[in-house]
Amino acid sequence: MEAKVSLTVNGAEHDVVVDTRTTLLDGLRDRLGIFSPKKGCDHGQCGSCTVLVDGRRIVSCLSFAVSYEGSDIVTAEGLGDGDELHDMQQAFIDEDAFQCGYCTPGQLCSAIGMLDEAKQGYPSHVTEDLDPSSSGDASPLADDEIRERMSGNLCRCAAYPNILAAIRQAADR
């Protein structure tokens, strides 16, 4: 069965017809030609397909495209403003936080999403202070907190120290 879905992706509105079983990842890549979200494991375990939907990070390989009718979707291509990079993108460059680059788009979207989650007071498994009023600023996150919040994004090249440094740099801006 097919359905027409209206999506706003990186600020542009798209009407696409997809099979109702089409994942958001496949819809973005196959129907819209947006290739930054990668198909790594196709099981929601590696994070290379992470995108932001209405400001929240999701793994797009486990999400049906039809579920996001009317949603605002941002991929790595949509993070910057024209020729100006997003602070997180610039931090990844400054800290050499990528090697092969395959996971980088998902890492970027996840890092931006997790900093916003922390700023809003969402706890992680290692959050020591569960009082949301005390965690209003993402910059004082401990390294263990950042590592835990980013644990769903794998990097086969093991650029984790540089990714951590990039997230810290962007969080401090």
Peer 1: Looking only at the side chains, is there a donor atom on one of E2 and T20 sitting less than 3.5 Å from an acceptor on the other?
Peer 2: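 No, because no side-chain N or O of E2 sits under 3.5 Å from a partner of the opposite role on T20.
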Peer 1: Just so I know, are the side chains of L141 and L115 near enough to count as touching, which here means a heavy-atom distance under 4.5 Å?
Peer 2: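 They are in contact (side-chain heavy atoms under 4.5 Å apart), so the answer is yes.
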Peer 1: Pick out which of R21, K39, K38, R31 makes a salt bridge (Lys or Arg N to Asp or Glu O under 4.0 Å) with D26.
Peer 2: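 Option passing the salt bridge (Lys or Arg N to Asp or Glu O under 4.0 Å) with D26: K39.
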Peer 1: Are a donor atom and an acceptor atom from the side chains of S60 and S63 found within less than 3.5 Å of each other?
Peer 2: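 The answer is no; no qualifying pair exists.
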Peer 1: Report the residue from I34, L24, D72, V74 that forms a side chain to side chain contact (heavy atoms under 4.5 Å, CB included) with V9.
Peer 2: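 Passing option: I34.
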Peer 1: Are F92 and Y102 connected into the same hydrophobic cluster when the rule is that any two of I, L, V, M, F, W, Y join if their side-chain heavy atoms are below 4.5 Å apart?
Peer 2: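 In one cluster with Y102: F92, no.
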Peer 1: OG of S110 to CD1 of I163: how many Å apart, nearest 0.5 Å?
Peer 2: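 If we round to the nearest 0.5 Å, S110:OG and I163:CD1 are 10.0 Å apart.
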Peer 1: Between S6 and E13, do the side chains contain an N or O donor and an N or O acceptor separated by less than 3.5 Å?
Peer 2: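 E13 and S6 do not have a side-chain donor-acceptor pair below 3.5 Å.
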Peer 1: CD/E145 to NE2/H125 distance, rounded to the nearest 0.5 angstrom?
Peer 2: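 These two atoms lie 10.5 Å from each other.
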Peer 1: How many angstroms lie between atom CD of Q107 and atom CG of N162, to the nearest 0.5 angstrom?
Peer 2: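 These two atoms lie 11.5 Å from each other.
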Peer 1: Looking at G40, is its backbone amide N or carbonyl O close enough to the side chain of S48 to form a donor-acceptor pair, meaning the two atoms are under 3.5 Å apart?
Peer 2: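 Side chain of S48 to backbone of G40: a pair is present.
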Peer 1: Same cluster or not: are L28 and I112 linked, directly or through other Ile, Leu, Val, Met, Phe, Trp or Tyr residues, by side-chain heavy atoms under 4.5 angstrom apart?
Peer 2: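 No; tracing contacts between hydrophobic side chains, which count when under 4.5 Å, never links both residues.
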Peer 1: Looking only at atom types and distance, does a side-chain atom of E95 sit under 3.5 Å from a main-chain N or O of R168, one as donor and one as acceptor?
Peer 2: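 Side chain of E95 to backbone of R168, a donor-acceptor pair under 3.5 Å: no, none is there.
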Peer 1: Which atom names give the shortest non-hydrogen contact between A159 and Q99, and what distance separates them?
Peer 2: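 Nearest pair, atom of A159 first, then Q99: CB-NE2, 4.2 Å.
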Peer 1: Side-chain heavy atoms under 4.5 angstrom apart, residues restricted to Ile, Leu, Val, Met, Phe, Trp, Tyr: same cluster for Y68 and L32?
Peer 2: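 Yes, Y68 and L32 fall within the same hydrophobic cluster.
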Peer 1: Can you see whether T50 engages R57 through a side-chain donor-acceptor pair at a distance of less than 3.5 angstrom?
Peer 2: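 No, R57 and T50 have no side-chain donor paired with an acceptor closer than 3.5 Å.
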Peer 1: Minimum heavy-atom separation for A166 to A97, with atom names?
Peer 2: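 Of all heavy-atom pairs spanning A166 and A97, the closest is CB-CB, 3.9 Å.
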Peer 1: Look up atom NZ in K119 and atom CE in M114, then write down how far apart they are to the nearest 0.5 Å.
Peer 2: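 Result: 13.0 Å between the selected atoms.
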Peer 1: Does R29 use its side chain to pair, donor to acceptor, with the backbone of P37 at less than 3.5 Å?
Peer 2: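 Pair found, side chain donor or acceptor close to backbone of P37.
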Peer 1: Looking at side-chain heavy atoms only, is the closest gap between D15 and V5 below 4.5 Å?
Peer 2: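 Of all side-chain heavy-atom pairs linking V5 with D15, none is under 4.5 Å.
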Peer 1: Hey, is the main chain of M88 close enough, under 3.5 Å, to the side chain of H86 for a donor-acceptor pair?
Peer 2: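 Yes; at least one donor-acceptor contact below 3.5 Å.
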Peer 1: Okay, side chain of N10, backbone of T75: is any donor-acceptor separation there less than 3.5 Å?
Peer 2: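 Side chain of N10 to backbone of T75, a donor-acceptor pair under 3.5 Å: yes, one is there.
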Peer 1: What distance separates I93 CD1 from L85 CG, expressed to the nearest 0.5 Å?
Peer 2: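 The CG atom of L85 is 5.0 Å from CD1 of I93, to the nearest 0.5 Å.
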Peer 1: Looking only at heavy atoms, what is the nearest atom pair of V66 and A3, with distance?
Peer 2: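 Smallest interatomic distance, heavy atoms only, reads CG1-CB, 4.0 Å.
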Peer 1: To check you understand the geometry: which heavy-atom pair defines the closest contact between A76 and P105, and what is its length?
Peer 2: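 Taking every non-hydrogen atom into account, CB-CB, 3.7 Å.
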Peer 1: Exactly one of T127, D144, I167 should register a side chain to side chain contact (heavy atoms under 4.5 Å, CB included) with R149. Which one does?
Peer 2: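 So the option named by the test is T127.
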Peer 1: Got more than 12 heavy atoms from elsewhere within 6.0 Å of CG, D81?
Peer 2: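 No, because the 6.0 Å sphere around CG of D81 holds 12 heavy atoms or fewer from other groups.
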Peer 1: Could you tell me the separation between the OG1 atom of T22 and the CG atom of D30, rounded to the nearest 0.5 Å?
Peer 2: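 Spacing of OG1 (T22) from CG (D30) equals 8.0 Å.
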Peer 1: Which heavy-atom pair separates D94 from Q169 by the least distance, and what is that distance?
Peer 2: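 For D94 and Q169, the tightest heavy-atom pair comes out as OD2-NE2, 2.8 Å.
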Peer 1: Which heavy-atom pair separates T104 from F98 by the least distance, and what is that distance?
Peer 2: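 Result for this residue pair: OG1-CB, 3.1 Å.
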Peer 1: May I ask you to check whether over 12 heavy atoms, not counting those of F64, lie within 6.0 Å of atom CZ?
Peer 2: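 Atom CZ in F64 is not packed in, count stays at 12 or less.
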Peer 1: Honestly curious: do I73 and L25 fall in one hydrophobic cluster under the side-chain, below-4.5 Å linking rule?
Peer 2: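 Shared cluster, no.
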Peer 1: Are L52 and V59 connected in the hydrophobic side-chain network, where two residues link if heavy atoms are under 4.5 Å apart?
Peer 2: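 Different clusters: L52 never reaches V59 through Ile, Leu, Val, Met, Phe, Trp or Tyr contacts under 4.5 Å.
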Peer 1: Between the side chains of S36 and E77, is a donor N or O closer than 3.5 angstrom to an acceptor N or O?
Peer 2: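 Per modelled atom types, S36 and E77 side chains form a pair under 3.5 Å.
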